[in-house]
Amino acid sequence: MKRKQEAHSAVGIDLGTTYSCVAVWQEEHSRVEIIHNDQGNRTTPSFVAFTENQRLIGDAAKNQASANPQNTVFDVKRLIGRKFSDPTVQDDILLWPFKVVSGVDDRPMIIVKYKDQEKQLYAEEVSSMVLTKMREIAEKYLESPVKNAVVTVPAYFNDAQRKATIDAGVIAGLNVMRVMNEPTAAAIAYGLDKRTGCVGERNILVFDLGGGTFDVSILSIKDSVFQVKATAGNTHLGGEDFDNRMVNYFVQEFKRKNKVDISGNSGALTRLRKNKGEISGKYSKALRRLRTVCERAKRSLSFLLTATIEIDSLFQGIDFSSSINRAKFEEMNMDLFNECMKIVESCLMDAKMDKSMIDDVVLVGGSSRIPKVQQLLQDFFNGKELCMSINPDEAVAYGAAVQAALLSQDVKNVPKLVLQDVTPLSLGISIVGDIMSVVIPRNTRIPVKNTQQYFTVEDNQSYSLIKIYEGERTRASDNSWLGSFTLSGHTPAPRGHTYDVCFSIDENGILTVSATESSTGKTSKITITNHRDRLSSEEIKKLIQEAEDYQLEDKKFLRNAKALNDLDDYIYKMRNALKKKDINLKLSSQEIETIKSTVAVITKLVDENNQEVEIDVMEDHLNGLKITMEDILPKTI
Ligand code: ADP
Ligand code: MG
């Protein structure tokens, strides 16, 4: 059901680690529509792949991953806004089949081969490609250009990660109206901010079990203000782990039945994606194929009690078919499911709440579709009804779409609500003795502006170094450093001379810090754009240009493929015509000669690697062919 909307609809995009989703508020029907992609799927893999002749994004990229592991990039959300030397980045790199190296300023660079050339990509750039895909999906559905978007991020994302996400949007040609916390978006999808019947605050627990990550957040809503009370999670617990368990199970079964071990080596399965020589090509290919089928089987086990799998020639020409039931699947993952419940408990402890204080439990993430997970969670909350009427892998995009509509002035029917987010972490500066002096405490509503007065510590101090940190630790250097700047030109004075430091955070959680010398009014400031993890505006400009180039190349590739296909089609028709017994009666000998020579020319053209031939030349041939054959071919029918 397509619906042409007025131009410039604002969309909501859930840019996920493994899958992304885009949604739009439909003014006409006063509801949110989740937009399906060209494959008819409502979520799109956050995958980008590069080949000898094209770039692929989404399902097309994921589908060819097993054949092209080194050049298929995924999981970039784990890299965005981080440094190469970050220990979590170092750990993740070990699991990825694609290469990541350290670039300028300790920035992680993803290395791929595209059209036989090595390319170095920023995480922002890869994310922007996924966002571009999501934008195109929305544009196709809405039949109009899409510019404005609300993009969601995990609640624990810090300043650098949020800014890098905005940059990815800019490179994708989007105006990111707001970056929004994923759990907040999910709560909005359920309209929990508007529910009454609760005295004062309403506490919500968002349980987000996705493809590779598990996040629990406890939010409280009071007067439409959302506060993140606590977050907890495991960055490596999710759908992929359940897939791996099933892969393991079937590898054992294959071994039992056929006396062949397809895993290559015994420890390979837990490091399935590791492809640095430990698992040779043939093993990893079989495992990847098995894994794809297992993911499908896992999904169907959420609805059915048994699932069958079938793979032709899985390994050494041996076909494999088998089945698995829900009980077995649950048994093999029970420890992981229990781990999820432990994390829920620890999140409640962090928030200093008893489970009875939770008013709503919201299910988010594709893996929360698993019935056992739902049951464990419901039991934990003593039989409480869970919020699960919205598809869990769509709830975040759903809420983002509502928020996008709220931010667009021309939308009237969307239920009014004033949404406010809060700072996820405390922000402050370091003072004498490496002490963290908090200027904006965590959970402060944004936008916000706070000013604090500080004193010089030495006589005739001529400047002050302002070092900005984010975090909850008492010692400033234990927190994460966001940037520094100098306020110079203090008037000569004994120690204790005052200056003001002002922190201001805009709607997107972007921080600007300024310092003003009290006696002279002289000011210095920093918007944390020169942050070590942030791209400069020149770099972004360059990347926007590159993104456009990529798109042109993609289009050219499609044009090329179409021309080739059409030419191929003509050869087929012409050859068939020549094969007809009565061809001599239908065509003159000159016409037959024309067909023969054309077949020869076109065959050569098509066979001679299409890369060499300019697309215009090919299309010219095609047009010429159409004219020549227009009269001849119909006569042969
Ligand atoms: P992300 O973690 O990137 O935000 P999603 O929330 O969309 O992504 O979760 C993706 C995960 O959900 C994948 O591992 C997928 O296999 C899993 N999943 C999707 N549908 C189902 C289902 N019906 N049953 C079990 N798992 C599912
Ligand atoms: Mg998600």
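The chain is numbered in sequence order, starting from 1. Both counts, for ligands and for their atoms, begin at 1 and track the order of listing.
- Smallest separation of non-hydrogen atoms from Gly210 and Ser367: O-OG, 2.7 Å.
- For Phe320 and Phe315, the ring centers are positioned 6.0 Å apart or more.
- For the pair Pro154 and Lys77, the tightest heavy-atom approach, listed with the atom from each and the gap, is CD-CE, 3.6 Å.
- With sequence neighbours excluded, no residue forms a side-chain hydrogen bond (donor to acceptor under 3.5 Å, both in side chains) with Ser128.
- Closer than 4.0 angstrom to ligand 1 lie heavy atoms from Gly16, Thr17, Thr18, Tyr19, Gly210, Gly211, Gly239, Glu295, Lys298, Arg299, Ser302, Phe303, Gly365, Gly366, Ser367, Arg369, Ile370, Asp393.
- Here the side chain of Lys328 pairs no donor or acceptor atom with the backbone of Thr306 at under 3.5 angstrom.
- Residues Phe254 and Leu314 form a side-chain contact, since some pair of their non-hydrogen atoms from C-beta on lies under 4.5 Å apart.
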